Number of protein chains: 2
Amino acid sequence: MRSGRAPTLEDVARVAGVSRATVSRVINGIRNVDPQLHEVVWDAVGQTGYVPNRLARSLVTRRTGTVALVVSDSETHDDDPFMGRFFADPFFGRVVGGLMSVLRREGVQLALQIVGTDEGKKRLVGDLRSGQADGAIVLSLPAVDPLPDMLAQADVPAVMIGRPAEPVPIDYVDLANDTGAAMAAEHLLARGCRRIGMISGPADVPASSDRISGFRRAMARHGHGWVPTVSGNFTQDSGETAMRTLLAEQPALDGVFVANDLMALGALLALRESARAVPADIAVIGFDDSSAATAAAPPLTTIRHPLEDMAAEAARLLLARIEEPTLRVASVIYEPSLIHRASA
Amino acid sequence: MRSGRAPTLEDVARVAGVSRATVSRVINGIRNVDPQLHEVVWDAVGQTGYVPNRLARSLVTRRTGTVALVVSDSETHDDDPFMGRFFADPFFGRVVGGLMSVLRREGVQLALQIVGTDEGKKRLVGDLRSGQADGAIVLSLPAVDPLPDMLAQADVPAVMIGRPAEPVPIDYVDLANDTGAAMAAEHLLARGCRRIGMISGPADVPASSDRISGFRRAMARHGHGWVPTVSGNFTQDSGETAMRTLLAEQPALDGVFVANDLMALGALLALRESARAVPADIAVIGFDDSSAATAAAPPLTTIRHPLEDMAAEAARLLLARIEEPTLRVASVIYEPSLIHRASA
DNA sequence: GCAGACTCGGAAAGCGCTCTCCAAGAGAGG
DNA sequence: CCTCTCTTGGAGAGCGCTTTCCGAGTCTGC
């Protein structure tokens with residue numbers, strides 16, 4: 001394995017004393033090749049240290065063995081400080097882990113793509129269409145995003161994690177966010193809370209609005225027609241601020257549903273600062289069951305979001321659609337579950 | 001933009017009424033093209049919705065505009081449960097975020113590659129050599145890993161995050177782990193701790209062994225020739241177990257250095273369980289300044305690991321080496337800093 | 001013993017692009 | 001007016017691979 005140019009099919013063919021075509025057949029396991037030649041070729045492969053050039057192969061087969069993980073944002077300028085936070089959040093890693101658990105087994109690679117501008121999205125779709133990747137898993141952050149529709153229009157195999165904000169004929173996996181929020185409501189009510197508030201995420205993001213409506217609906221069903229709500233942006237800081245605001249408005253609160261664990265962590269901080277005991281004075285319930293939940297003090301009762309499973313399913317859906325592009329548009333909704341810890 | 005086959009250079013050339021070569025020149029901004037034709041060509045590009053096929057381009061230019069992020073493991077079977085944990089850990093996301101902050105600006109993509117078996121590593125090097133990606137950022141997990149050496153041998157541009165276990169002529173960025181551990185020692189000593197223990201990571205991982213030796217050296221310098229140590233594997237659970245063991249051996253401990261924040265979280269749990277107050281009875285200091293540190297109760301005093309910066313620097317080093325492969329092997333060592341919070 | 005069916009391997013045509021070479025035309029200098 | 005140089009655009013040769021098309025050889029059955 002010297003380090004000049006990498007050996008090519010041609011080289012192997014020369015060493016084996018056969019034609020390029022034959023080597024290609026052997027490598028790709030196509031029958032109709034004499035077992036003897038078969039062996040000769042593999043010997044030559046070993047001797048030369050040959051590894052097929054994936055690019056060249058993809059160019060002709062129109063298959064890359066690569067799937068794009070697209071993080072779709074809507075930034076204005078390129079130095080988006082938000083992205084740093086996004087990657088640091090366990091959310092991203094859990095998705096990657098879930099995806100890899102199935103892609104890896106299939107020998108499919110994951111290429112990370114971040115797009116913000118509409119220009120970037122256009123180019124992304126173009127790249128995808130011209131075979132840059134076989135398909136895309138899409139994580140759409142902005143409340144309204146043209147990307148899902150562009151992908152659908154361009155007939156690019158794609159699966160979203162989290163439903164699109166606008167109805168678009170595209171596969172997706174999602175969590176029954178409303179059910180999860182309802183479970184939180186039931187739990188708080190069941191443990192005797194009567195003055196319950198909510199710290200929500202941004203109202204225009206689907207996952208967030210579903211949690212809001214699910215929670216309100218469940219509360220209303222039990223006679224609480226109005227729920228004091230302050231919204232944050234899913235960061236710990238915003239949760240802390242929101243909790244302070246909520247407390248200022250409703251000092252007698254005895255329970256709060258926080259739309260994700262990170263904000264719940266912040267809320268816990270604000271609560272400690274105001275000398276309220278959790279859960280004795282006020283019960284706190286989070287959402288996601290991220291690693292932050294177990295790290296919190298007290299450990300967070302939360303709604304489990306089976307993100308790894310969802311991502312894995314997204315990968316499976318995508319692989320299936322790549323294999324068979326005419327499949328009917330599908331969606332898979334996961335049911336959340338309540339994880340009972342100490343905070344509520 | 002209809003959804004049949006994507007338009008090619010040929011199509012654009014036909015519409016513009018020029019040759020493929022001319023279109024290629026215009027697209028790639030090569031001068032020597034009449035400004036008028038220039039415009040005609042761009043019009044044709046707009047009309048056809050042409051997007052260059054990156055694969056075809058890469059095949060001839062031998063440049064892909066892609067960098068691989070290689071996570072090198074040493075698994076035995078493919079269903080490695082460890083990987084899930086690895087991705088969920090903020091470490092992974094922070095690295096990705098840091099890398100993307102520089103790669104994105106250069107229009108370079110990141111392709112994720114997980115390799116475990118030696119077979120897989122061999123194929124990876126082959127793929128890299130045959131131009132699958134322009135270079136690699138390597139995260140090597142196992143204590144002893146043949147990959148760095150293979151990469152160096154094959155002359156593949158590569159940069160490691162964390163120094164290789166064995167000396168290998170390869171670029172890397174690393175943290176002065178020993179200095180960080182020494183800072184922890186100084187801090188514990190300065191606040192009056194006298195019976196100090198340590199929860200270390202696996203002794204054969206470089207980052208871990210540097211922390212061990214740095215800590216011990218600093219302690220020795222202050223007359224503490226021996227430091228009771230229990231090792232864990234960087235997970236929260238292992239930290240909890242280790243703390244219990246340490247406590248059983250040394251009940252009078254009044255300070256402990258834990259080699260990462262996640263284990264420190266576990267240690268805090270064990271401490272609470274044993275009814276010891278932190279930091280009153282025993283001071284705890286972590287390492288990494290991950291998001292777990294602020295989430296902990298009490299918030300963790302810890303050694304800051306500027307991982308995003310390190311990853312960004314790794315990306316810059318790699319880009320430089322891709323541009324100029326004959327560069328001298330370089331390493332950049334980052335200095336850690338102590339973040340003072342409540343636990344010590 | 002020979003037509004017909006089958007098996008196997010090679011030649012060669014691309015996949016979509018870049019880039020070297022070359023020819024043609026324009027302009028300048030003698 | 002002719003030659004020399006310079007600019008500009010086209011033709012075409014690949015990059016490394018797959019795959020179709022064929023021809024040559026092998027085997028069977030009548």
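Below, all heavy atoms of this structure are taken into account, side chains as well, without hydrogens, waters or symmetry copies. Since we're looking at a predicted model, the values are computed, not measured.
B:Arg316 CZ: more than 12 foreign heavy atoms inside a 6.0 Å radius.
Backbone-only contact: B:Leu37 has heavy atoms under 4.0 Å from sugar-phosphate atoms and none from a base.
Rounded to whole Å, atom C1' of C:dC8 lies 8 Å from atom CZ of A:Arg25. For B:Arg62 and D:dG16, the CZ to C1' distance is 8 Å, given to the nearest whole Å. The CD-P distance, from A:Glu10 to C:dA12, rounds to 13 Å in whole Å. Put simply, CZ on B:Arg54 is 22 Å from P on D:dC15, counting in whole angstrom units. For the pair B:Ile27 CD1 and C:dC17 P, the interatomic distance rounds to 9 Å; values are reported in whole Å. When rounded to the nearest whole Å, the span between CG of A:Asp11 and P of D:dG16 equals 9 Å. As rounded to whole Å, 14 Å separates atom C1' of D:dC17 from atom CG of B:Asp127. Whole-Å rounding puts the B:Leu59 CG to D:dG16 C1' distance at 6 Å.
Side chain of B:Ala21, nearest nucleotide from C:dC19, D:dC17, C:dG16: C:dC19. Which of C:dT18, C:dT20, D:dC17 sits closest to the side chain of B:Leu9 comes down to C:dT18.
Contact annotation: B:Asn28 side-chain N/O to C:dT18 OP1/OP2 distance is under 4.0 Å. Contact annotation: A:Ser24 side-chain N/O to D:dT18 OP1/OP2 distance is under 4.0 Å. Between A:Ser19 and C:dG10 there is a side-chain N or O to OP1 or OP2 distance below 4.0 Å.
Residue side chain B:Arg20 reaches the base of C:dT18 through a donor-acceptor N/O pair under 3.5 Å, judged by distance alone.
Ring orientation note: the planes of B:Phe92 and B:Phe87 are nearly perpendicular, at an angle over 60° on the 30°/60° scale.
A:Gly131 approaches A:Thr64 most closely through the heavy-atom pair O-CG2, 2.9 Å. Taking every heavy atom of both residues into account, B:Leu103 and B:Ala315 meet most closely at CD2-CB, 4.0 Å. In plain terms, the two heavy atoms of B:Thr66 and B:Ala111 that are nearest each other are CG2-CB, 3.9 Å.
Checking A:Gly17 against B:Pro7, the closest nucleotide of DNA chain C that is more toward the 5' end is the one next to A:Gly17.
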